[in-house]
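For ligands, and for the atoms within them, numbers begin at 1 and follow the listed sequence. Values in this document were obtained by computation on a predicted structure and should not be read as measured data.
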Amino acid sequence: MIKLRFKNIPLNELTKTIESLGEKKFRAEQIKKWVYQKRINDFSEMNNMPKALREKLSENYAVDKLVIHTILESKHGDAVKFGFQCIESGHLMESVLLIDGDRRTACISSQLGCGLGCVFCETGKMGFLRNLTQDEIVGQFLGINDYLESRNDHLITNIVFMGMGEALSNFDNFLGALAVFMDEDIYNIGGRRITVSTAGVVPSVERLLKEKLNIGLAISLNSYSNEIRDTLMPINRKYPIESLVEIAKKYYAVTGRPVTFEYVVIDGKTNTAEALNAISAYLGGFPCKVNLIPLNPSSGSMLCGPTDMSLEKFYEELLCRGITATIRKSRGQDIWGACGQLAGKKLNNENTKS
Ligand code: SF4
């Protein structure tokens, strides 16, 4: 019999599930802590619970953790890349741990591959394989916490959904995972320490607003003109820059949280004088931030990242025009830090072998 994955049960259905096994509802709280906080791999580890309950759970559910296929540690000690193996297909889901002072940020994947096809993105080149389940999204987080604990480090403090895939296109499982991360009795990670990135799926941002989670929102802008953005991010043909600016203003008005516009700097393409003028016209005059991300080198691409000098110049020019800007450190280049680069390598290797 194929067992159901326990961590796929929505948190708000856990009590009902435990009661349906003939157990008292207070057991749900206990089991929740064992599964998520103590990160058990087998129900038999719940040593303060009745044996009959442990056996009943084991008969019906699987609670084993994701298998870590690869761990790549940056030589600078500021990033660790994880490749978790999908149970049924062997594909890799990527996650990254970013280490910055006391901050431990988990960059989580939400889909296997991605159907949005941004040309600068390794994940986009894989195409869309499938949505990750709640079990798999939460599983990445648990696996990273296991890694941190094994090094006597403190656990994850911040979460960004900026790994493989478009989290807002896997909305239910994304929400289910958030419920675990934000639950006061489990990890209690507040909305201020969680950010979701979107390529610009405007209706899903509207849906996110209705959830009133007050998490951070980052929109991948990456170009200053619809004509160019159409060629870099096909989703722009459906939701052009004007619609992104409009939803960002609404997000700020409703949540009080300024939206971050992620902007991959591609030398000679997205860091021109024309770009500066257009960005000021779009984003000037309302609270938001532009996060400049130098393009990560990727195999087979004709596109280049900027030099340090040209990146700094572009940043300064934005500040001069009154646009709040930051430069994101491109951590972990030595461990293929950009999303999809590890999984892409695995798949390519397998293709070569077959
Ligand atoms: S950048 Fe994000 S939305 Fe675009 S293809 Fe990559 S994973 Fe998908």
Side-chain angles (χ1 to χ4, degrees), residues 81-84 86 91-96 98 106-132 136-137 140 159-171 173-174 177 195-205 207-208 216-223 226 228-241 243-244 247-248 259-266 269-270 290-301 303 305 328 330-333 336-348:
K81 176 153 242 174
F82 298 84
F84 293 99
C86 287
H91 285 120
L92 290 187
M93 338 164 205
E94 290 186 20
S95 322
V96 178
L98 299 167
C107 179
I108 305 267
S109 290
S110 52
Q111 295 180 319
L112 207 54
C114 181
L116 295 186
C118 306
V119 298
F120 49 80
C121 173
E122 289 289 319
T123 303
K125 287 178 196 157
M126 293 167 65
F128 175 72
L129 302 179
R130 67 170 172 80
N131 283 329
L132 295 185
E136 290 167 329
I137 298 173
Q140 298 166 61
I159 301 167
V160 291
F161 283 87
M162 293 184 184
M164 298 165 68
E166 167 69 41
L168 295 186
S169 294
N170 183 13
F171 207 89
N173 294 335
F174 162 69
T195 298
V196 63
S197 174
T198 177
V201 188
V202 172
S204 296
V205 177
R207 196 175 159 196
L208 183 62
L217 178 69
I219 296 177
S220 295
L221 182 64
N222 300 326
S223 185
N226 283 318
I228 297 175
R229 197 168 186 269
D230 280 352
T231 65
L232 296 174
M233 303 180 72
I235 192 175
N236 194 65
R237 290 180 208 130
K238 205 161 179 189
Y239 304 112
I241 297 174
S243 65
L244 306 183
I247 195 71
V259 168
T260 297
F261 286 93
E262 306 283 357
Y263 192 85
V264 174
V265 182
I266 305 170
K269 257 190 177 293
T270 65
V290 178
N291 191 23
L292 302 174
I293 307 165
L295 180 74
N296 245 320
S298 94
S299 55
S301 172
L303 305 173
R328 185 160 93 189
S330 218
R331 295 187 180 90
Q333 278 199 15
W336 312 303
C339 79
Q341 292 192 350
L342 176 60
K345 274 183 190 291
K346 169 106 188 338
L347 291 173
N348 288 340

To check you understand the geometry: which heavy-atom pair defines the closest contact between Ser220 and Arg229, and what is its length?
O-NH2, 2.5 Å
Quick check: does Cys121 put an N/O/S atom under 2.8 Å from atom 8 (Fe) of ligand 1?
no
Proximal atoms of ligand 1 relative to Ala199 (non-hydrogen, under 4.0 Å):
3 (S)
Side chains of Met164 and Met126: does their closest heavy-atom pair fall under 4.5 Å?
yes
At a 4.0 Å threshold, what atoms of ligand 1 neighbour a non-hydrogen atom of Cys114?
3 (S), 5 (S), 7 (S), 8 (Fe)
Test applied, side chain to side chain donor-acceptor pair (under 3.5 Å); reference residue, Glu166; option that passes from Thr198, Asn131, Thr123
Thr198
A student checking ligand 1 against Gly117 at a 4.0 Å heavy-atom cut-off should list atoms 5 (S)
At under 4.0 Å between heavy atoms, what of Cys118 touches ligand 1? The answer is both
When rounded to the nearest 0.5 Å, the distance separating CZ of Arg328 from CG of Leu98 is 8.0 Å
Closest candidate by heavy atom, reference atom 2 (Fe) of ligand 1, pool Gly165, Gly124, Gly127, Gly113
Gly165
Any sub-3.5 Å donor-acceptor pair from Ser95's side-chain atoms to Ala106's backbone N or O?
no
